[in-house]
Amino acid sequence: MALSSVLQSPAPGFNFDNAARNAALGRNDGGHTPKPLKTGTTIAGSGFQGEWWADKACAKIHYISPNIYCCGAGTAADTEKTTDLLSSNLTIFSLNSGRNPRVVMAANILQDMLYRYRGQIGANLILGGVDCTGNHLYKVGPYGSVDKTAYLSMGSGDLAALGILEDGFKPDLEMEQAKDLVRAAIQAGIMSDLGSGNNIDICVITRDGVDYIRPYQESETIKYKYRPGTTRVLTEKVVPLKLEVVHESVKKMVTG
Amino acid sequence: MERRCTGSEVKGVSTGTTILAAIYDGGVVIGSDSRASIGGEYVSSKTINKVIQVHDRIFCCMSGSLADAQAVTKAAKFQLSFHRFMERPPLVIAAATIMKELCYKNKEDLQAGFITAGWDHRHGPQVYVVSLGGMLVSQPVTIGGSGSTYIYGYVDAKYKPNMSREECLQFATNALALAMGRDNVSGGVAHLAVISETGVEHVVVPGNKLPRFNHE
């Protein structure tokens, strides 16, 4: 799967090189294949005057390149690996060409990769960044469909967030207004969706650089530690365990 | 969102669309709506672009699975770009045949249909339909997508050969408006492209500016 060049397309079809190895691991180790972890997420992105930013709760905003970041909803492993692969590919491009990648390149690479896997990679991605042609926001679906918009939300809390975005979005938002809009949208996702919760992270990307605010807003912390004596002890009973030595073996270490 | 919408024939985002193309005297009008949906329940985009320019004077309209349609038009655009090494631009039938080959050879895996329309130096304005299984047919006027079922009567009654450019544009706009008014998975804005020997003109009609009919 490792590509030495961005432009080299991998062999068609699925790559089953590791299938025999995985089966053998399962048998010998008594190990089990890891269960896919679903993120249960709300992610949203919005453009404002000249730049764009994304924000997200419950999962990371992934670094793609100095001017492009990506939010992922869906299967956590898939979003993690897909964005990592994309970032590596675009780093190779940057090294080869000496330029920052364009957002449309990232969207196309993602589209090609996800389409090739026919929806088996459960990655819903919001891709955004600023390049020499301006600010761009793309939505990439797990089957490989791409949509370019001014604002969008994805994840299990997307409908709640979309309501806020639809109501509040205007084409000429200032940065602070845009940040507040997306914060409110994510908040709606946190409140209305059982799968979303906790903190809000925001990433603001402008021509001058990236401001990754982690966290932008924290949920109220719930304390789980209680001081000794909080619960009154009514009775106490001590039962010593009878142990007998069944077998003892000493092995001397051979040195020198 | 996708796991909430099950039981749809199209996996993922569907264009669930109304697309059409019609030849007029001197050119061709191609148009579509702009709605993308999931499972027939959720509008995932109000502003999706389904009219793709694959060459200077050749456009394609997509229907069916958005991912499949985007992949096919990308591949077709790539293959057509090699015509830059020829003396003249590609014929419309060349573009339509590329789409047909892709659809026919991969018919088990793809769920996408297309209308290809354009102008070339040899045959003037043409419209081709590439259906789901990869059948290629040339027609003077054609409609496609889920919304097309509601406007067959209108198109059969109102289309005349050798219309003027304005008449044809009005005919296409009306047809799209009628389909978008009845089909739940068609909507948004009407994207139209008018292609002739002299050039290409994009016309976008927002939803609230679409023609309204008596009963609305």
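Order of the sequence lines fixes the chain letters, A, B, ..., with proteins taken first and strands second; residue numbering starts at 1 for each chain. Keep in mind that this is a model prediction, so the values were computed, not measured.
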Worked check of side-chain contact (heavy atoms from CB on, under 4.5 Å) between R118(A) and D109(B): CA-CA 9 Å; R118(A) 322 224 59 164; D109(B) 305 316; 2.8 Å; yes
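Residues of residues 61-69 of chain B placed with any heavy atom under 4.5 Å of a heavy atom in chain A are listed by number as L66(B), A67(B), D68(B). Annotation: residues 73-101 of chain B contacts chain A through K74(B) [non-hydrogen atoms, separation under 4.5 Å].
The NZ atom of K139(A) sits 7.5 Å away from the CD1 atom of I48(B) when rounded to the nearest 0.5 Å. A distance of 10.5 Å separates CD of Q111(B) from OH of Y143(A), quoted to the nearest 0.5 Å.
Atom NZ of K148(A) sits in a crowded spot, with more than 12 heavy atoms from other residues, nucleotides or ligands closer than 6.0 Å. Around atom OH of Y154(B), more than 12 heavy atoms belonging to other residues, nucleotides or ligands sit under 6.0 Å away.
Contact of L162(A) with chain B is made through the side chain alone, with heavy-atom distances under 4.5 Å.
Taking Y138(A) as the reference, nothing meets the side chain to side chain donor-acceptor pair (under 3.5 Å) condition, with sequence neighbours excluded. Here E197(B) pairs with W119(B) under the side-chain contact (heavy atoms from CB on, under 4.5 Å) rule; sequence neighbours left out.
The two atoms that bring D147(A) and S44(B) nearest to each other are OD2-O, 4.4 Å, heavy atoms only.
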